[in-house]
Structures are given as structure tokens and as C-alpha cells.
Amino acid sequence: MPLVPADVPALRAALLDWYDAHARPLVWRTTGGVRPDPYRVWLSEVMLQQTTTVHAAPYFEAFTARWPTVSDLAAAADAEVMAAWAGLGYYARARNLLACARAVARDHGGVFPDTEAGLLALPGVGPYTAAAVAAIAFGRPANVVDGNVERVMARLFAVGTPLPAAKPELRRLAASLVADDRPGDWAQALMDLGATVCRPGRPLCHACPLTVRCAAFASGTPERWPLKAPKTERPRRHGVAWVLRDGQGRVALVRRPEKGLLGGMLGLPTSDWGPAVAEAPPPAAADWRDAGAVEHVFTHFALTLTVRTGQGRGDFLWSAPDEARTALPTVFRKALERGLAG
DNA sequence: CAAACGTGGCC
DNA sequence: TGGCCAAGTTT
């Protein structure tokens with residue numbers, strides 16, 4: 001049952017009080033009501049897209065140490081930024097990150113737009129990130145809706161529509177709770193609650209400041225929300241990756257096309273990846289030896305990559321193994337380790 | 001608009 | 001161990 005307007009201030013106060021006591025000390029956060037640097041807010045929000053805080057934190061520290069301002073990042077070389085992003089996943093984010101930094105430097109004098117609409121126009125900034133930066137960095141009362149907020153709303157109001165169809169309704173419910181008071185803290189409080197208390201599984205309702213008004217808690221089975229539509233199955237693909245070494249032990253790498261899977265990243269030479277195991281022409285003449293296989297799971301398919309090793313030459317980017325390890329996406333780092341071991 | 005797009009931790 | 005899930009955006 002929806003809250004009546006008179007209930008909203010009490011619910012807001014309960015959650016903001018909880019946040020004052022339990023906010024997570026994340027490295028991109030400020031304390032004492034200090035408004036954070038928009039560059040750091042934006043960078044953290046992009047890194048946090050579909051990514052856990054634990055995974056993003058060391059990357060955030062490395063990026064801000066190396067590129068302290070958006071203008072520093074805008075001036076960086078593409079290959080440096082892509083290599084620094086290696087392992088964090090969703091590499092389109094890194095390409096858009098650079099495009100965004102350069103747009104801010106070139107079109108906005110190195111200053112981030114301070115409105116949701118202005119932010120939304122930037123590359124890699126969608127509805128969530130625009131709202132989050134507007135609220136956290138600029139104190140705008142934006143409706144910040146991520147997966148956490150959706151789950152909290154679905155439970156608070158026991159929404160009967162399954163995701164993803166419920167998204168518009170969950171967004172409206174979240175909007176009904178937004179106010180001018182402490183917009184950035186409100187957004188982060190909702191997300192912290194979702195991440196630490198109103199978790200997907202085994203929610204900690206005993207520690208929740210909102211149980212008094214929570215329909216899912218009242219039902220006795222809060223973990224039943226949000227309802228979800230059945231998922232489609234994940235296909236398996238097969239391919240070959242070649243670990244080619246020259247006389248000095250360097251490894252042959254290629255720069256992948258800008259678009260598509262692992263776009264713009266360094267990679268090992270590979271065959272196409274298809275539904276069946278297939279023979280594929282190697283990228284160079286060598287005494288190829290089988291080195292086993294590695295498994296890797298992407299969002300929309302699982303991959304079995306057969307690894308073959310050999311020594312030879314050719315038109316590649318030749319890289320020392322230690323350098324390659326740090327610059328490669330995880331799937332190729334795994335294949336490289338297999339090739340070097342076997 | 002449904003599909004593409006990474007990775008690692010958890011149970 | 002395999003599915004689920006994490007501060008989404010783009011096309």
C-alpha cells in the first residue's frame with residue numbers, strides 16, 4: 001500500500017538518521033557535509049555501473065592518483081586508460097569515460113555540467129549516473145534509481161509486477177520519496193540500505209529503519225521481492241586463443257576493434273567463437289602445441305577457449321608477459337597464464 | 001526495445 | 001558448481 005504524503009517525511013527522517021549512523025566509508029565519499037568533487041563523483045559512478053564497491057575501489061584510487069582532474073584524464077593516451085581499466089569489465093565504459101572527459105575539457109572548460117540534463121548529454125552518462133552526479137555532487141533533488149533502489153521500492157510497496165516490466169512503476173515510487181532536503185545523502189542512503197540491509201538474499205530486516213512501513217516485511221517473506229521474469233539460458237561458445245612467443249619470450253598481442261566485445265582492448269590472437277568446436281587457421285606459422293583450455297563466463301554466453309602455444313614472428317604488438325598480464329582483459333589473462341604454464 | 005556488454009564473489 | 005547478482009548504458 002502506497003504511503004500517504006504525510007508518511008513521507010517520517011520515512012525520510014528514519015532513513016537519513018540511519019545513514020548518518022551507518023554510511024559506508026567508501027573512498028570516493030566525503031564526510032562532514034563537504035560537497036565532493038564532481039570529477040570524483042562521476043568517476044566513481046561510472047566505475048560502479050554493474051560493479052561492486054570492493055572491485056571498483058582500487059581502480060578509483062589508481063585513476064585519481066594518476067589523473068587527479070578531468071583535464072588530466074582528458075589529456076591521457078587511449079592505450080593508457082584502456083590498460084588501467086583492464087580487469088574492471090564493460091570496456092565501453094572506459095572508451096566513454098575518455099570521450100566524456102574530453103567533452104568536458106573541450107566543450108565545458110573542464111567543468112562538469114551541474115544539471116541532470118547537462119550531464120545526461122555526456123557520453124556514458126545515462127539516467128542513473130546523471131541523477132547520481134546531480135544529487136551527490138550538486139545537491140539536486142534528482143530521482144536516483146539503481147538496482148538497489150528498485151529492490152527497496154519493490155519490497156517497501158510489495159510491488160506485484162515482475163522486473164524488468166516493473167521499472168517504470170518502481171521509478172515512480174522512488175520519485176514519490178525524493179525531496180529537497182539532503183538529496184545526495186538520500187540517494188546514497190537508499191543505495192547503502194539496499195546493499196547492506198535490504199540485500200537480495202537474506203535481508204537483514206532486524207537492522208532496517210523502514211520495517212514499520214514495509215509491506216514485504218509485513219508479509220513475512222521479504223526476500224520474495226522484487227519479483228522477476230524468468231531468464232533466458234546462456235549459450236556456450238568455443239574458440240582458440242594463440243599464445244605466440246618470439247625469441248625473447250615476448251607475447252604477440254592484437255588491438256581489438258573499437259566496437260563489440262572487449263572493444264578497444266588488447267587481446268591474444270583468437271579464432272572466431274562459435275557454437276561448436278571448429279578448426280581455425282593460426283595467425284602465424286609455428287610448431288603449435290596444445291596447452292589446454294580455459295573457461296570464462298560473459299554476461300550473455302559462456303566460452304571455452306582452447307589455448308595453443310608456439311614460437312614465431314609476425315605483425316603483432318609484442319609485449320613482455322608481465323606487461324601483458326596487467327593490460328589484458330581477464331579472459332585473455334587466463335588464456336595467457338594457461339599458455340605460459342603449458 | 002531486447003540484446004550486447006565483464007568480472008568476481010557468494011552459496 | 002552453476003546460477004545469481006553488483007551504484008547501467010548503448011544501440
Does a side-chain N or O from A:Thr330 land closer than 4.0 Å to OP1 or OP2 of B:dG8, or not?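 For B:dG8, OP1/OP2 do have a side-chain N/O of A:Thr330 under 4.0 Å.
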Among [options], the one nearest [X] by side-chain distance:
{"X": "A:His55", "options": "B:dC5, C:dA6, B:dG8", "value": "B:dG8"}
{"X": "A:Gln49", "options": "C:dG8, B:dT7, C:dA6", "value": "C:dG8"}
{"X": "A:Leu262", "options": "B:dT7, C:dT9, B:dC5", "value": "B:dT7"}
{"X": "A:Val331", "options": "B:dT7, B:dA4, C:dA7", "value": "B:dT7"}
{"X": "A:Asn148", "options": "C:dC5, C:dA6, B:dT7", "value": "C:dA6"}
{"X": "A:Asp146", "options": "B:dG6, B:dG8, C:dG8", "value": "C:dG8"}

Could you give the distance separating B:dA2 and C:dA7 at their C1' atoms, to the nearest angstrom?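 Here C:dA7 and B:dA2 have their C1' atoms 23 Å from each other.
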Write down the distance separating the C1' atoms in B:dC5 and B:dC1, rounded off to the nearest Å.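 Result for the C1' pair: 16 Å, nearest Å.
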Whole Å only: how far is the OH atom of A:Tyr59 from the C1' atom of C:dA7?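 Distance, rounded to whole Å: 17 Å.
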Is the A:His296-A:Phe298 ring centre distance short of 6.0 angstrom?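 Yes - the distance between ring centres of A:His296 and A:Phe298 falls below the 6.0 Å cut-off.
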Close aromatic pair by centroid cut-off 6.0 Å: A:Phe63 and A:Trp85: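 Ring centres of A:Trp85 and A:Phe63 closer than 6.0 Å.
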At less than 3.5 Å, do the side-chain atoms of A:Tyr90 and the base atoms of B:dG6 form a donor-acceptor pair?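 It does, because a donor-acceptor pair links the side chain of A:Tyr90 to the base of B:dG6 below 3.5 Å.
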Looking at A:Thr129 and C:dG8, is any side-chain donor or acceptor paired with a base atom of the opposite kind under 3.5 Å?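 Not at all, since no donor on one side and acceptor on the other fall under 3.5 Å apart.
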For DNA chain C, what residues of residues 23-31 of chain A have any heavy atom nearer than 4.0 Å?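 A:Arg24, A:Leu26, A:Trp28, A:Arg29, in order of number.
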For atom CG of A:Asp287, decide whether the heavy atoms of other residues, nucleotides or ligands shown that lie under 6.0 angstrom number more than 12.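 More than 12 heavy atoms, drawn from other residues, nucleotides or ligands, come within 6.0 Å of this atom.
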Look at atom CZ of A:Arg236 and say whether more than 12 heavy atoms of other residues, nucleotides or ligands are closer to it than 6.0 Å.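 Yes, enclosed.
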Before you tell me yes or no, could you show the steps for A:Arg93 and A:Thr51 under side-chain hydrogen bond (donor to acceptor under 3.5 Å, both in side chains), namely the whole-Å CA-CA distance, both residues' side-chain angles and the distance that decides it to 0.1 Å? CA-CA 11 Å; A:Arg93 292 186 295 171; A:Thr51 305; 3.1 Å; yes
Tell me what A:Ala187 touches on the nucleic acid: a base, only sugar-phosphate, or nothing, going by heavy atoms under 4.0 Å.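 No contact at all - A:Ala187 keeps every heavy atom at 4.0 Å or more from the nucleic acid.
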Reckon A:Gly201 touches a base, only the sugar-phosphate, or nothing at all at heavy-atom distances under 4.0 Å?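 Counting heavy atoms under 4.0 Å across all strands, no contact is made by A:Gly201.
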Looking at A:Asp78 and A:Arg95, is any side-chain nitrogen of the basic one under 4.0 Å from a carboxylate oxygen of the acidic one?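 Judged by the 4.0 Å cut-off on N to carboxylate O distance, A:Arg95 and A:Asp78 do not form a salt bridge.
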Salt-bridged, A:Glu337 to A:Arg325, with N to O below 4.0 Å?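 A salt bridge links A:Glu337 with A:Arg325.
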Relative to the 5' end of DNA chain C, which residue comes earlier, A:Gly124 or A:Thr53, by the nucleotide with the nearest heavy atom?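 In this pair, the answer is A:Thr53.
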